[in-house]
Number of protein chains: 2
Amino acid sequence: MINTRQKQAIETKKKLLKAAEAVFFEQGFQQTTIRHIISRAQTGYGTAYVYFKNKDDFLIELMKEVMEQFYEVASLPFTPSTKKEAQDLIVNQVRLFLSLAMERKEFMRIIKEAIGNSPVIEANWQNIRDRFISSITQDILYAQSKSLANPQLIPSLVARSWFYTNEMFMWELINGDSAESMEEIIQHMTVIYTNGLYSSH
Amino acid sequence: MINTRQKQAIETKKKLLKAAEAVFFEQGFQQTTIRHIISRAQTGYGTAYVYFKNKDDFLIELMKEVMEQFYEVASLPFTPSTKKEAQDLIVNQVRLFLSLAMERKEFMRIIKEAIGNSPVIEANWQNIRDRFISSITQDILYAQSKSLANPQLIPSLVARSWFYTNEMFMWELINGDSAESMEEIIQHMTVIYTNGLYSSH
DNA sequence: TCATTTAATTGACACTATGTCATTGACATA
DNA sequence: TATGTCAATGACATAGTGTCAATTAAATGA
């Protein structure tokens, strides 16, 4: 059912996407121009605009897969019956979140750069944030209902606090300017989150 | 000792700075062009480049005053002898940090936008981060030496965790998308930081 | 006072990038 | 074979940047 023409079109779009990814990695997002991309893809200038609205659009398409993976991590189940169990589940989710980002280090760097540059990509990232935060909010509500967590705290506020810390350490790790290992970071974040800096020790 | 010419020059630079600030507020950082600025300042196009290297340079100059104020908040003394006292000092510092940002709401929004756009401005902001983080690191070391804080935690890691939360809530408040009041946010952040989510209650 | 030097100001220019659109030509269709 | 369709194209209009030679007006000094 797919004729030569359609194959050709799909092929061209793929070529452009691959070229865009390569150029993004080599030059960064800001430095990349449409001309760089079409030159690498060996297509005419106008061809880029047949398949993509603009530079952002290339990255949005490339982001889709990673976005899906983040959404999966965000929606992991959380039904602990003890504090110990809760801590284990939390550590596990953080590890998945950070590992996923680290597996796509270069790509995440491009996304970081683009967030500050393109409102559409910022909105995409905000979507990921919102999914994690609402999922964590549910988790805290559950923990409160089981008398595991401090019932006086506002779940959505605590969820944001927790996610923001995770996100910032993620960017730190992506940039490679953390002196500590990922595991050390995970352990510390979790201890503070669950027990606090001034807890009994 | 200042002659007419020098006065003229200072006046022109001031005019440009005021114009830049106004245009940044009206159009945002990205949308603003040099032509917008010189048009508002009623100077020739080339004049902008006599006093400023480029658009970033305008904002860098405008940032200086706020940067100083952040540096002051970062270097507040911290020598508590009880946990209660520690908590009070922490709450106080956070309140000053968030208040300062909120007093300059529109300006902070511009800075946020520019951080993602200009590596130089990002570096400036990273400087503020670093000052806060190293100051908080010292505070934690002090608290550990007085047996107030968990001695097993790595101070610089905890400091980053704490500052990142503060920073992210600051941007939230700046954007006006927090449902909660600043005081609620401060209280929650501090409780989690010092006692943890799962602490005795 | 007037000629000369010095310095602030200027806009035209060269350059780079974007997004559009009329044109082209190869494939599909009858 | 003739005709229609659509992917591909690059020239063009537009918009922004940063530079620099020319201009203008103040400072200097004989």
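Hydrogens, waters and symmetry mates are skipped; everything else that's a heavy atom, side chains included, is used.
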Measure [atom1]/[X] against [atom2]/[N] and give the value in whole Å, please.
X         : N       : atom1 : atom2 : answer
Gln27(A)  : dA17(C) : CD    : P     : 10 Å
Lys7(A)   : dA26(C) : NZ    : C1'   : 16 Å
Ile37(A)  : dA17(C) : CD1   : P     : 12 Å
Tyr49(A)  : dA17(C) : OH    : P     : 12 Å
Lys13(B)  : dT9(C)  : NZ    : P     : 12 Å
Tyr45(B)  : dA12(C) : OH    : P     : 13 Å
Asn117(A) : dA17(C) : CG    : C1'   : 14 Å

Phe78(B) side chain near Ile136(B) side chain, heavy-atom distance below 4.5 Å = no
A correct 5'-to-3' footprint of nucleotides 1-8 of chain C, with B, S and - meaning base, sugar-phosphate only and no protein heavy atom under 4.0 Å, is -----BSS
Starting from the 5' end of DNA chain C, give me the residue, His36(A) or Gln42(B), whose nearest nucleotide shows up first.
->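 This one resolves to Gln42(B).
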Using the closest heavy atom to pick a nucleotide of DNA chain C for each, name whichever of Thr32(A) or Arg35(B) lands nearer the 5' end.
-> Arg35(B)
Only one of Tyr71(B), Phe169(B), Phe163(B) forms a ring-ring contact (aromatic ring centres under 6.0 Å, His included) with Phe97(B), so which one is it?
-> Phe163(B)
Taking salt bridge (Lys or Arg N to Asp or Glu O under 4.0 Å) as the test, write out the residues that go with Glu65(B), two or more places apart.
->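 With sequence neighbours excluded, Glu65(B) shows a salt bridge (Lys or Arg N to Asp or Glu O under 4.0 Å) to Arg104(B), given in chain and number order.
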Is a side-chain donor or acceptor of Lys55(B) paired with a backbone partner of Phe29(B) at a separation under 3.5 angstrom?
-> yes
So Tyr193(B) and Trp162(B), would you call those rings parallel, tilted or perpendicular, with 30° and 60° as cut-offs?
->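 Because their plane-to-plane angle is under 30°, the rings of Tyr193(B) and Trp162(B) count as parallel.
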Taking the six-membered ring of Tyr45(A), is NZ or CZ of Arg35(A) closer than 6.0 Å to its centre and within 45° of its axis?
-> yes
Measure from NZ or CZ of Lys13(A) to the centre of the six-membered ring of Phe52(A), then state whether that distance is under 6.0 Å and the direction lies within 45° of the axis.
-> yes
First-last contacting nucleotides on DNA chain D - partner chain A, under 4.0 angstrom, heavy atom =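 Here the contact window of chain A covers dG4(D) to dA11(D).
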Assess whether side-chain contact (heavy atoms from CB on, under 4.5 Å) is satisfied between Arg131(A) and Asn127(A), documenting all intermediate values.
-> CA-CA 6 Å; Arg131(A) 290 243 201 154; Asn127(A) 262 335; 5.6 Å; no
Indicate, with a heavy-atom threshold strictly under 4.0 Å, whether Thr33(B) touches base, sugar-phosphate, or nothing.
->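 Here Thr33(B) touches the backbone only, sparing every base.
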Can you tell me if CD on Glu106(A) sees more than 12 non-hydrogen neighbours from other groups inside 6.0 Å?
-> yes
Complementary nucleotide for dA30(C) - Watson-Crick or wobble, under 3.5 Å | dT1(D)
Can a side chain N or O of Thr4(A) be found less than 4.0 Å away from OP1 or OP2 on dA28(C)?
-> yes
